[in-house]
Amino acid sequence: MTTDVIVVPPLYSGYPGVAFGGYVAGVLARRSAADAVRVDFRGPVPVGSEVRISTTDAGGAELGEPGQPLTTAIPVDAAPLSALAVPDAPSWDEALAAAEAYRADPPPGSVDCFGCGPERTPERGLRQHCTVVPGRELVATAWVPSPTLAADDGTLPTELVWGALDCPGFAAGRSLGTQRAGAVTASLTGTLLRPLVAGERYISYAWLLSESGRKHTMAVAVSTADGELCAVSQALWVDPRT
């Protein structure tokens, strides 16, 4: 086991003062280095403060104190994700129209989230501005990662690709299901199939898998503008207690 500390910069916030879940998942997925990873969220990770991070003997990783982790990641079999019935991506024009509809009329309760905040510029966020695509049972957005967010080789870092696998699931739960405002990601399982390159066009889209009481399960995919699959995830979101 190896142990270190990290500080999540305030840029990568989700809810105020709390690290964006997709970014946190990506940090742990990078440390794990497995083909597919399940990340479980047990408590909020603060921004701007040192947090212990460690790898585990089983090939996973965790954030937080020993025995009381805030977030954990474990390697998983990628087969269930590969077996998901991933629908064809909407066209670039359909996804762009969905993004523009979101920006013209952001949903109530929108926050300054790195993943989906409506006021975030391309240099300060992923702009996962998803709304329903007419005639399809899915939500989508068109987006172009800014070179400002790229690694030295021009690709989008793992942490940010995982970020693109998070917020669209929330949008699917809100737009296609019964999920309530204030829901949080309880777990996120994902796999990255090919690199994302800054400055190129991508489509994020999500669809509802199941619901039971406060629990909502969604799937998310990221594709190129031509429909080539780049990443896929399945997430469990949980409504706040009333």
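Summarising the local packing, CD of Glu50 is surrounded by 12 or fewer heavy atoms from other residues, nucleotides or ligands at distances under 6.0 Å. Heavy-atom contacts from other residues, nucleotides or ligands closer than 6.0 Å to CG of Asp35 number 12 or fewer. With a 6.0 Å radius and a threshold of 12 heavy atoms from other residues, nucleotides or ligands, Gln68 has its CD atom at or below the threshold.
In this structure, His216 and Arg214 approach most closely via the heavy-atom pair CD2-O, 3.2 Å. Across every non-hydrogen atom of Glu123 and Thr148, the tightest pair is CG-OG1, 3.5 Å. Gly169 and Ala206 get closest at one heavy-atom pair: N-CB, 4.0 Å. Scanning all heavy atoms of the two residues, the minimum distance from Arg31 to Asp4 falls at NH2-OD2, 4.1 Å. The two residues Gln179 and Trp237 have their closest heavy-atom pair at OE1-CB, 3.4 Å. Looking at every heavy atom in both residues, Pro145 comes nearest to Tyr202 through CD-CD1, 3.6 Å.
Thr131 places a side-chain N or O within 3.5 Å of a backbone atom of Ala98 that can act as its donor or acceptor partner. A donor-acceptor contact shorter than 3.5 Å links the side chain of Ser233 to the backbone of Leu165. In terms of modelled atom types and a separation under 3.5 Å, the side chain of Ser32 and the main chain of Leu28 share no donor-acceptor contact. Under the 3.5 Å distance criterion, the side-chain polar atoms of Asp226 are left unmatched by any main-chain donor or acceptor of Glu228. Ser212 places no side-chain N or O within 3.5 Å of a backbone atom of Lys215 that could act as its donor or acceptor partner. When atom types are taken as modelled, the side chain of Arg194 and the backbone of Leu229 share no donor-acceptor pair closer than 3.5 angstrom. Side chain of Arg120 to backbone of Leu126: no donor-acceptor contact under 3.5 angstrom is found. In this structure, the side chain of Arg180 engages the main chain of Pro240 through a donor-acceptor pair within 3.5 Å. A distance-only check finds no donor-acceptor pair linking the side chain of Glu211 to the backbone of Gly177 [under 3.5 Å]. Distance alone, capped at 3.5 Å, places no donor-acceptor pair between the Arg52 side chain and the Val5 backbone.
Grouping the Ile, Leu, Val, Met, Phe, Trp and Tyr side chains by contacts below 4.5 angstrom, directly or via other members, places Tyr102 apart from Val133. Connection of Val232 to Leu160 is not established within any shared hydrophobic cluster, with ILVMFWY side chains joined at heavy-atom distances below 4.5 Å, either directly or through further cluster members. Taking hydrophobic clusters as Ile, Leu, Val, Met, Phe, Trp and Tyr residues chained together by side-chain heavy-atom distances below 4.5 Å, Leu209 shares a cluster with Leu138. Linking ILVMFWY residues whenever their side-chain heavy atoms come closer than 4.5 Å, directly or via other members, places Val161 and Val197 in the same cluster. Tyr15 and Val238 end up in different hydrophobic clusters when Ile, Leu, Val, Met, Phe, Trp and Tyr side chains are linked at under 4.5 Å.
Atom CG of Asp40 is separated from atom OG1 of Thr72 by 4.5 Å, given to the nearest 0.5 angstrom. Rounding to the nearest 0.5 angstrom, the gap separating the CD atom in Gln128 from the SG atom in Cys116 is 8.5 Å. With values rounded to the nearest 0.5 angstrom, Ile203 atom CD1 is found 11.0 Å from Cys130 atom SG. Note that the CZ atom of Arg103 and the CD atom of Glu119 stand 11.5 Å from one another [nearest 0.5 Å]. Asp166 CG to Ser204 OG: the interatomic distance, rounded to the nearest 0.5 Å, is 11.0 Å. Rounding to the nearest 0.5 angstrom, the gap separating the CZ atom in Arg201 from the CH2 atom in Trp143 is 14.0 Å.
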Run the side chain to side chain contact (heavy atoms under 4.5 Å, CB included) check on Thr189 and Leu81 step by step: do they pass? CA-CA 8 Å; Thr189 303; Leu81 290 173; 4.0 Å; yes
Check step by step if side chain to side chain donor-acceptor pair (under 3.5 Å) holds for Thr155 and Asp153. CA-CA 6 Å; Thr155 63; Asp153 63 358; 2.7 Å; yes
Going through the checks in order, is the side chain to side chain contact (heavy atoms under 4.5 Å, CB included) test met by Leu192 and Thr158? CA-CA 8 Å; Leu192 310 187; Thr158 298; 3.9 Å; yes
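For the pairing with Tyr205, the side chain to side chain contact (heavy atoms under 4.5 Å, CB included) check across Val86, Val222, Val220 returns one residue only, Val86. Partner Tyr12 forms a ring-ring contact (aromatic ring centres under 6.0 Å, His included) with one of Trp162, Tyr23, Phe20 and no other, that one being Tyr23.
Using a 4.5 Å heavy-atom cutoff, the side chains of Gln234 and Pro80 are not in contact. A 4.5 Å side-chain heavy-atom check between Arg30 and Pro157 finds at least one atom pair inside the cut-off. Between Thr141 and Pro168 the shortest side-chain heavy-atom distance does not fall below 4.5 Å. Between Arg174 and Pro107 there is no side-chain heavy-atom pair separated by less than 4.5 Å. Taking 4.5 Å as the limit, every side-chain heavy atom of Asp112 sits out of range of all side-chain heavy atoms of Pro16. At least one side-chain heavy atom of Leu208 sits less than 4.5 Å from a side-chain heavy atom of Met218.
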